[in-house]
K.L.:
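Have a look at the structure that comes next, please.
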Amino acid sequence: MLNTFKASELHWFPMRISYSSLSRLMAIKERLDQNVNVYETYVPVIFKKVSPTKMDFGPSLTNYIFVRSTYNHLKQIKSNQELYSNLRFIIHTRYDEKFNKFEEIVYVSDKMMQDFMLVTDRANENVVFLDNLEYACKPSQCVQVTEGEFAGVIGRIKRIHGNICVVIPIQDTAAVAILNLPRKYLRYIEE
């Protein structure tokens, strides 16, 4: 595997939980929170229908947990098959400039994760999780929100149902959109 991070550096890793349920997800989160080699965990939750008759807070991404640690520590944690057999790194296939195929473990920068958490922690009807990750993760103009409750957030401009939105994509794993932002709140960023 070829990655652009050092295995001993601290990063956010989106991780998939196989055969997840709310109770399994929360049990793994609790165990990870108690581990000294894990600095932080995050599961975005929203108020939604969690059973046919009940509304409650539940994970907006049922099978995912975001873990801030080093790759080496997470690899060591995952070696405990009894407690973490369902926890998986998200791996994407990439190609280098010579079209050689390689696999890469997905990780997220601190800034992108801070923006993602800021947006997903707010109970706001103008924030939606996007299902079409192929569309959400396509390259587009980078912007920063300059005013309002999402000031400082950096994302990508997209059109959703004809409206201009700011999308924060997490590398083909998840994406959240801020709807109905006035254009005057946006500053274009050169990359």
K.L.:
What residue pairs, at least two apart or across chains, pass salt bridge (Lys or Arg N to Asp or Glu O under 4.0 Å) with a residue in residues 67-86?
P.N.:
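Non-adjacent pairs meeting salt bridge (Lys or Arg N to Asp or Glu O under 4.0 Å): Arg68-Asp110.
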
K.L.:
Heavy atoms, side chains only, cut-off 4.5 Å: are Glu40 and Met117 in contact?
P.N.:
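Side chain of Glu40 against side chain of Met117, heavy atoms only: contact under 4.5 Å found.
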
K.L.:
To the nearest 0.5 Å, how far apart are CZ in Arg88 and CG in Asn63?
P.N.:
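Going from the CZ atom of Arg88 to the CG atom of Asn63 covers 12.0 Å.
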
K.L.:
Quick test of your reading: applying salt bridge (Lys or Arg N to Asp or Glu O under 4.0 Å), list the pairs with at least one residue in residues 143-160, sequence neighbours left out, ordered by first then second residue.
P.N.:
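Salt bridge (Lys or Arg N to Asp or Glu O under 4.0 Å) check on residues 143-160 returns Arg122-Glu149, Arg156-Glu191.
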
K.L.:
To the nearest 0.5 angstrom, please state how far the CZ atom of Phe116 sits from the CD atom of Gln114.
P.N.:
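Going from the CZ atom of Phe116 to the CD atom of Gln114 covers 13.5 Å.
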
K.L.:
Less than 4.5 Å apart, any side-chain heavy atom of Ile164 and any of Leu181?
P.N.:
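No, side chains not in contact.
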
K.L.:
Under 4.5 Å between side-chain heavy atoms, chaining through other members, with only Ile, Leu, Val, Met, Phe, Trp and Tyr counted: pull out the rest of the cluster around Leu179, sorted by chain and number.
P.N.:
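Taking Ile, Leu, Val, Met, Phe, Trp and Tyr as members, Leu179 shares its hydrophobic cluster with Val128, Leu130, Tyr135, Ile160, Val167.
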
K.L.:
When rounded to the nearest 0.5 angstrom, what distance separates CG in Asn37 from OG1 in Thr70?
P.N.:
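Between atom CG of Asn37 and atom OG1 of Thr70 there are 7.0 Å.
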
K.L.:
In the structure I gave you, are the side-chain heavy atoms of Ile105 and Ile90 within less than 4.5 Å of one another anywhere?
P.N.:
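With C-beta onward as the side chain, the pair stays apart.
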
K.L.:
Can you tell me how far the OH atom of Tyr107 sits from the CD atom of Glu9, to the nearest 0.5 Å?
P.N.:
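It comes to 8.0 Å.
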
K.L.:
Using the side chain to side chain contact (heavy atoms under 4.5 Å, CB included) definition, which of the options Leu118, Asp115, Leu186, Ile154 pairs with Val145?
P.N.:
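Testing each of Leu118, Asp115, Leu186, Ile154 against Val145, the sole residue satisfying side chain to side chain contact (heavy atoms under 4.5 Å, CB included) is Leu186.
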
K.L.:
Without hydrogens or angle criteria, can the side chains of Asp33 and Thr41 be said to hold a donor-acceptor pair below 3.5 Å?
P.N.:
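A pair is found: one side chain offers a donor N or O, the other an acceptor, under 3.5 Å apart.
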
K.L.:
Might you point out which heavy atoms bring Glu134 and Lys138 nearest each other, and give the distance in Å?
P.N.:
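Scanning both residues completely, I find the closest heavy atoms to be O-CG, 3.2 Å.
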
K.L.:
Any sub-3.5 Å donor-acceptor pair from Thr120's side-chain atoms to Pro44's backbone N or O?
P.N.:
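Flag not set: sc Thr120 to bb Pro44 has no pair under 3.5 Å.
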
K.L.:
Heavy-atom distance under 4.5 Å between the side chains of Tyr185 and Val166, does that happen here?
P.N.:
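Result no, sub-4.5 Å side-chain heavy-atom pair not found.
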
K.L.:
Would you compute the distance between atom CD1 of Ile168 and atom NZ of Lys111 and round it to the nearest 0.5 angstrom?
P.N.:
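Rounded to the nearest 0.5 Å, the CD1-NZ separation comes out at 9.5 Å.
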
K.L.:
Quick one: does Ile17's side chain get under 4.5 Å of Tyr64's, heavy atoms only?
P.N.:
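No, their side chains stay 4.5 Å or more apart.
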
K.L.:
Quick one: do Leu133 and Ile157 end up in the same hydrophobic cluster if we chain Ile, Leu, Val, Met, Phe, Trp and Tyr together by side-chain heavy atoms under 4.5 Å apart?
P.N.:
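Result: no, two separate clusters.
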
K.L.:
By ring-ring contact (aromatic ring centres under 6.0 Å, His included), which residues pair with Tyr42, not counting sequence neighbours?
P.N.:
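ring-ring contact (aromatic ring centres under 6.0 Å, His included) check on Tyr42 returns nothing, list empty.
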
K.L.:
Take atom CG in Asn100; do more than 12 heavy atoms of anything else shown fall under 6.0 Å from it?
P.N.:
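Buried by this count: over 12 neighbours within 6.0 Å.
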
K.L.:
Any chance you could measure Phe89, atom CZ, to Met15, atom CE, to the nearest 0.5 Å?
P.N.:
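Between Phe89 CZ and Met15 CE, I get 4.0 Å after rounding to 0.5 Å.
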
K.L.:
Check side-chain contact (heavy atoms from CB on, under 4.5 Å) between Ala7 and all other residues, then give those that pass, not counting sequence neighbours.
P.N.:
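Ala7 satisfies side-chain contact (heavy atoms from CB on, under 4.5 Å) with Tyr71, Asn72 only.
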
K.L.:
Is there a side-chain contact between Thr173 and Val106 (heavy atoms, below 4.5 Å)?
P.N.:
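Of all side-chain heavy-atom pairs linking Val106 with Thr173, at least one is under 4.5 Å.
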
K.L.:
Examine Met26 and Ile77 and state if one hydrophobic cluster contains both, with Ile, Leu, Val, Met, Phe, Trp and Tyr joined whenever side-chain heavy atoms are less than 4.5 Å apart.
P.N.:
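Yes.
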
K.L.:
Can you name the nearest heavy-atom pair linking Pro14 to Ile170, along with the distance?
P.N.:
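Nearest heavy atoms, Pro14 then Ile170: CG-CG2, 4.3 Å.
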
K.L.:
State which residues pass side-chain contact (heavy atoms from CB on, under 4.5 Å) with Leu83; sequence neighbours excluded, sorted by chain then number.
P.N.:
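Scan of Leu83 (side-chain contact (heavy atoms from CB on, under 4.5 Å), adjacent residues dropped) gives Arg31, Asn80.
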
K.L.:
Any side-chain heavy atom of Leu10 sitting closer than 4.5 Å to one from Tyr39?
P.N.:
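Yes, at least one pair of side-chain atoms sits under 4.5 Å.
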
K.L.:
Arg24 vs Asn86, test: side-chain contact (heavy atoms from CB on, under 4.5 Å). Steps then yes/no.
P.N.:
CA-CA 9 Å; Arg24 265 195 201 131; Asn86 295 340; 3.6 Å; yes

K.L.:
Side-chain heavy atoms under 4.5 angstrom apart, residues restricted to Ile, Leu, Val, Met, Phe, Trp, Tyr: same cluster for Ile189 and Val153?
P.N.:
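No: no chain of side-chain contacts under 4.5 Å links Ile189 to Val153.
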
